[in-house]
**Q** 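After the structure tokens below, expect a handful of questions from me.
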2 protein chains.
Amino acid sequence: MKLTEAEWQIMNALWQKHPATARDIMDRLPAGVNWAYTTIKTMLTRLVEKQAVGEVKQGNTSVYEPRVSQQKARLSAFRSLLDQAFDGAVGPLVHFLAEEKQLTAKERAELKKILDREADGKGE
Amino acid sequence: MKLTEAEWQIMNALWQKHPATARDIMDRLPAGVNWAYTTIKTMLTRLVEKQAVGEVKQGNTSVYEPRVSQQKARLSAFRSLLDQAFDGAVGPLVHFLAEEKQLTAKERAELKKILDREADGKGE
DNA sequence: TGCGATCTTCGACATATGTAGTAGAATGGC
DNA sequence: GCCATTCTACTACATATGTCGAAGATCGCA
């Protein structure tokens with residue numbers, strides 16, 4: 001499930017609260033994204049075709065619902081980034097994060113904590 | 001500096017060793033990427049236009065050199081992912097990484113190892 | 001019940017992206 | 001010097017993406 005940039009905007013708004021109408025989504029788009037109503041409809045149509053979103057009519061109005069979870073979409077995007085820019089491995093990414101100082105001590109600690117929990121709680 | 005998927009392939013090959021000719025790059029592309037020579041040339045031309053790559057003629061042959069570092073390109077891609085899919089913050093990504101069962105035990109272990117090393121090696 | 005507000009469906013169009021063929025110039029070995 | 005090989009510069013073209021506008025179907029309220 002590969003989403004384009006514009007599609008991410010729509011999905012983000014939809015995940016926030018759903019089901020939602022095109023109008024709802026329009027109102028929830030970040031300030032600065034000032035798309036025409038029909039632009040949003042076009043995006044939704046394409047997302048429905050892609051099966052990323054479900055559509056049900058209520059009276060004359062379509063109501064939308066995500067069909068892919070945010071988690072799944074994130075995973076897909078994350079994997080793509082990894083494959084494309086980090087040799088497909090988490091290691092180079094973590095190194096990068098460390099060197100770029102993108103990770104604060106707090107975040108690092110949190111990540112470790114959660115990883116520890118993961119490790120014994122449910123190691124595979 | 002936003003690179004497309006195909007452009008990443010070229011850049012990855014170029015960063016590997018440079019300067020390099022189109023032919024060099026062609027040989028270094030991952031198996032499975034079997035582009036025609038002219039396809040690679042087209043990509044290179046576009047990358048030069050974008051100032052992502054420098055070009056110098058040697059005889060009748062162009063020799064290419066990256067103009068953006070891998071580090072910079074990675075940062076840009078990483079930022080894009082964050083903005084687009086993770087509310088623009090590292091926190092949600094860290095969470096995601098931790099929660100995601102899709103990460104193999106190996107990757108998790110590696111992550112932890114690096115985090116440990118980072119932790120005492122250089123406090124920030 | 002009539003009208004403005006709102007929806008929907010279609011079509012359109014520019015730019016971006018992926019992928020490559022052609023034609024002509026330069027090169028190098030014989 | 002000549003020819004096959006290899007380059008470069010152009011052009012081309014399909015599909016993807018970002019953005020709507022127009023026209024007609026509906027709804028809800030005065």
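The model shown is predicted, which means the values in this text are computed figures rather than measured ones. So that the names make sense, note that chain A is the first sequence line, chain B the second, and so on, each numbered from 1.
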**Q** Only pairs under 3.5 Å count here: list side-chain donor-acceptor contacts from residues 24-38 of chain B, not counting sequence neighbours, and write none if there are none.
**A**
| unit_1 | atom_1 | unit_2 | atom_2 | d |
| --- | --- | --- | --- | --- |
| D24(B) | OD1 | T21(B) | OG1 | 3.4 |
| D24(B) | OD2 | T21(B) | N | 2.8 |
| D24(B) | OD2 | T21(B) | OG1 | 3.2 |
| R28(B) | NH1 | A13(B) | O | 2.5 |
| R28(B) | NH1 | K17(B) | O | 3.0 |
| R28(B) | NH2 | K17(B) | O | 3.4 |

**Q** Quickly work out the L29(B) CG to dA20(C) P distance and round it to whole Å.
**A**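 Rounded to whole Å, this separation is 11 Å.
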**Q** Side chains of E7(A) and K50(A): does their closest heavy-atom pair fall under 4.5 Å?
**A**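 Yes, at least one pair of side-chain atoms sits under 4.5 Å.
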**Q** At under 4.0 Å, does any side-chain N or O of R23(A) touch on OP1 or OP2 of dT6(C)?
**A**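 Checking R23(A) against dT6(C): no side-chain N or O falls below 4.0 Å of OP1 or OP2.
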**Q** Side chains of F78(A) and L82(A), heavy atoms from C-beta outward: is any pair under 4.5 Å?
**A**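 In contact.
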**Q** Rounded to the nearest 0.5 Å, what separates atom CD in E5(A) from atom CD1 in I10(A)?
**A** 13.0 Å
**Q** Taking CD1 from I25(A) and C1' from dC7(C), how many angstroms apart are they, rounded to a whole number?
**A**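 Rounding to the nearest Å, CD1 of I25(A) and C1' of dC7(C) are 14 Å apart.
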**Q** Answer yes or no: is there a donor N or O on one side and an acceptor on the other, between the side chain of N12(B) and the main chain of A85(A), under 3.5 Å?
**A** no
**Q** Rounded to the nearest Å, what distance is computed from the CD atom of residue Q58(A) to the P atom of nucleotide dC27(D)?
**A** 13 Å
**Q** Compare side-chain N and O positions of Y37(A) against OP1 and OP2 of dT8(C) and report whether any pair is under 4.0 Å apart.
**A** yes
**Q** Between atom CG in N60(A) and atom P in dT26(D), what is the gap in whole Å?
**A**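 From N60(A) CG to dT26(D) P: 8 Å.
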**Q** Give the B/S/- string for nucleotides 9-20 of chain D, one per nucleotide from 5' to 3', where a protein heavy atom under 4.0 Å of the base yields B, of only the sugar-phosphate yields S, and otherwise -.
**A** B-------BBBB
**Q** Does NZ in K2(B) sit with more than 12 non-hydrogen atoms of other residues, nucleotides or ligands closer than 6.0 Å?
**A** yes
**Q** Between L44(A) (CG) and dT6(C) (P), how many Å, whole number?
**A**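 In whole Å, dT6(C) P and L44(A) CG are 18 Å from each other.
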